[in-house]
There are 2 protein chains.
Amino acid sequence: MPTRDIFNAIADPTRRQILDLLCQREMAVGELVETLGLAQPNVSKHLRTLGEADLVHVRIDGPRRHYRLRAERLRELEEWLAPYRRRWADRLDALERHLDQLDDPDHEED
Amino acid sequence: MPTRDIFNAIADPTRRQILDLLCQREMAVGELVETLGLAQPNVSKHLRTLGEADLVHVRIDGPRRHYRLRAERLRELEEWLAPYRRRWADRLDALERHLDQLDDPDHEED
DNA sequence: CAGGCATATGCCAAGTGAGGCATGTTTTAG
DNA sequence: CTAAAACATGCCTCACTTGGCATATGCCTG
């Protein structure tokens with residue numbers, strides 16, 4: 001069984017697009033299919049992957065399944081980002097960019 | 001040529017480990033090889049992928065290549081995360097979790 | 001209960017990525 | 001100029017992933 005972590009889930013552009021849509025409102029599979037222009041089984045598979053990463057939640061409504069984003073799950077990403085944010089947030093950032101410029105003369109700097 | 005975006009770059013656990021190491025200090029390939037316990041060509045390939053996503057920067061020092069993290073590049077991820085952060089940050093969050101609980105009685109809630 | 005929706009799952013083919021291994025390249029030492 | 005050190009690159013194989021297509025499953029209507 002493959003890895004179904006968040007990093008893997010958001011690595012696919014189509015899945016990011018799905019998340020983007022679900023960020024606005026809950027949607028049924030059919031709506032997603034129509035919006036994405038993909039085949040229904042394909043969309044279902046992506047939703048499965050997202051579900052295994054706990055990024056979406058299903059609400060069953062008769063024969064329809066409404067998928068809703070679990071935005072809270074993305075906090076994991078936020079937390080992973082924390083140590084790095086500290087790096088770009090502090091004053092060293094400017095210095096590093098300056099060093100990059102010195103190391104790489106071809107690089108265009110703003 | 002494959003996609004070399006940030007999402008893809010951080011999808012691999014080994015590459016995240018490399019980023020984690022480089023977050024602390026600049027390191028030469030040999031140091032990374034020793035720390036990671038992987039074969040050198042493999043490490044070089046991951047570094048290449050990270051480089052193509054502009055997540056690392058190389059400083060050539062004689063025969064050695066020191067890799068440094070470009071933490072600023074991760075701002076792209078931060079920006080991508082922004083719309084979602086708004087979702088989990090607002091008061092709707094608690095409501096949504098409540099709804100999840102109602103939809104999914106088996107789910108353990110804190 | 002038969003049939004039709006809305007979705008999920010299974011199977012197959014093609015593309016992609018990671019690791020292992022051998023080899024090429026650049027730099028420094030002698 | 002030769003050799004060795006430090007990396008990068010090329011090739012191969014294997015496992016995984018994605019998309020397309022067919023089909024199974026669950027739910028609701030008549």
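In what follows, chains are A, B, ... by sequence order, proteins preceding strands, each numbered from 1.
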Chemist: Rounding to an integer number of Å, can you tell me how far N8(A) CG sits from dG17(C) P?
Modeler: 12 Å
Chemist: Measure from the side chain of K45(B), starting at C-beta and using heavy atoms only, and say which of dG10(D), dA6(C), dT27(C) lies closest.
Modeler: dG10(D)
Chemist: Quick one: salt bridge (Lys or Arg N to Asp or Glu O under 4.0 Å) partners of E78(B), sequence neighbours excluded?
Modeler: R85(A), R85(B)
Chemist: How about R16(B): does its CZ atom have over 12 heavy atoms from other parts shown lying under 6.0 Å from it?
Modeler: yes
Chemist: dA6(D) P sits how many Å from R59(B) CZ, rounded?
Modeler: 16 Å
Chemist: Over how many whole Å does the gap from H66(B) atom NE2 to dT26(C) atom P extend?
Modeler: 19 Å
Chemist: Would you mind reading off the distance between L50(B) atom CG and dG17(C) atom P, rounded to a whole angstrom?
Modeler: 14 Å
Chemist: If you check the D12(B) side chain, which of dA18(C), dT9(D), dT7(C) turns out closest?
Modeler: dA18(C)
Chemist: Atom CD1 of I18(B) and atom P of dA18(C): how far apart are they, to the nearest Å?
Modeler: 11 Å
Chemist: Quickly work out the D61(B) CG to dA6(D) C1' distance and round it to whole Å.
Modeler: 11 Å
Chemist: Would you call R75(A) and E79(A) a salt bridge, taking side-chain N to carboxylate O under 4.0 Å as the test?
Modeler: no
Chemist: Would you say N42(A) places a side-chain N or O within less than 4.0 Å of OP1 or OP2 belonging to dG20(D)?
Modeler: yes
Chemist: Less than 4.0 angstrom between a side-chain N/O of R15(B) and OP1 or OP2 of dA18(C), yes or no?
Modeler: yes
Chemist: From CD of E52(A) over to C1' of dT17(D), roughly how many Å is that when rounded to an integer?
Modeler: 13 Å
Chemist: Between Y84(B) and D20(A), which heavy-atom pair has the shortest distance, and what is it?
Modeler: OH-N, 3.1 Å
Chemist: Rounded to the Å, how far apart are R64(A) CZ and dG26(D) P?
Modeler: 18 Å
Chemist: Scan T14(B) against the nucleic acid and name what it touches under 4.0 Å (heavy atoms): base, sugar-phosphate only, or nothing.
Modeler: sugar-phosphate
Chemist: If you check every side-chain atom of R65(B), which of dG26(D), dT7(C), dA8(D) has the closest atom?
Modeler: dA8(D)
Chemist: Compare side-chain N and O positions of H46(B) against OP1 and OP2 of dG17(C) and report whether any pair is under 4.0 Å apart.
Modeler: no
Chemist: When you check the phosphate oxygens OP1 and OP2 of dA8(C), does a side-chain N or O of Y67(A) lie under 4.0 Å from one of them?
Modeler: yes
Chemist: With sequence neighbours left out, what residues match R73(A) under salt bridge (Lys or Arg N to Asp or Glu O under 4.0 Å)?
Modeler: E76(A)
Chemist: Verify side-chain contact (heavy atoms from CB on, under 4.5 Å) between D12(B) and F7(A), making sure each step is shown before the conclusion.
Modeler: CA-CA 8 Å; D12(B) 184 80; F7(A) 295 96; over 6 Å; no
Chemist: Give the C-alpha distance, both sets of side-chain angles, the deciding distance and a yes or no for side-chain contact (heavy atoms from CB on, under 4.5 Å) between R68(B) and L22(B).
Modeler: CA-CA 6 Å; R68(B) 181 155 42 82; L22(B) 295 183; over 6 Å; no
Chemist: Using heavy atoms and a sub-4.0 Å distance, could you list which residues of residues 31-41 of chain A are near DNA chain C? By number, please.
Modeler: Q40(A), P41(A)
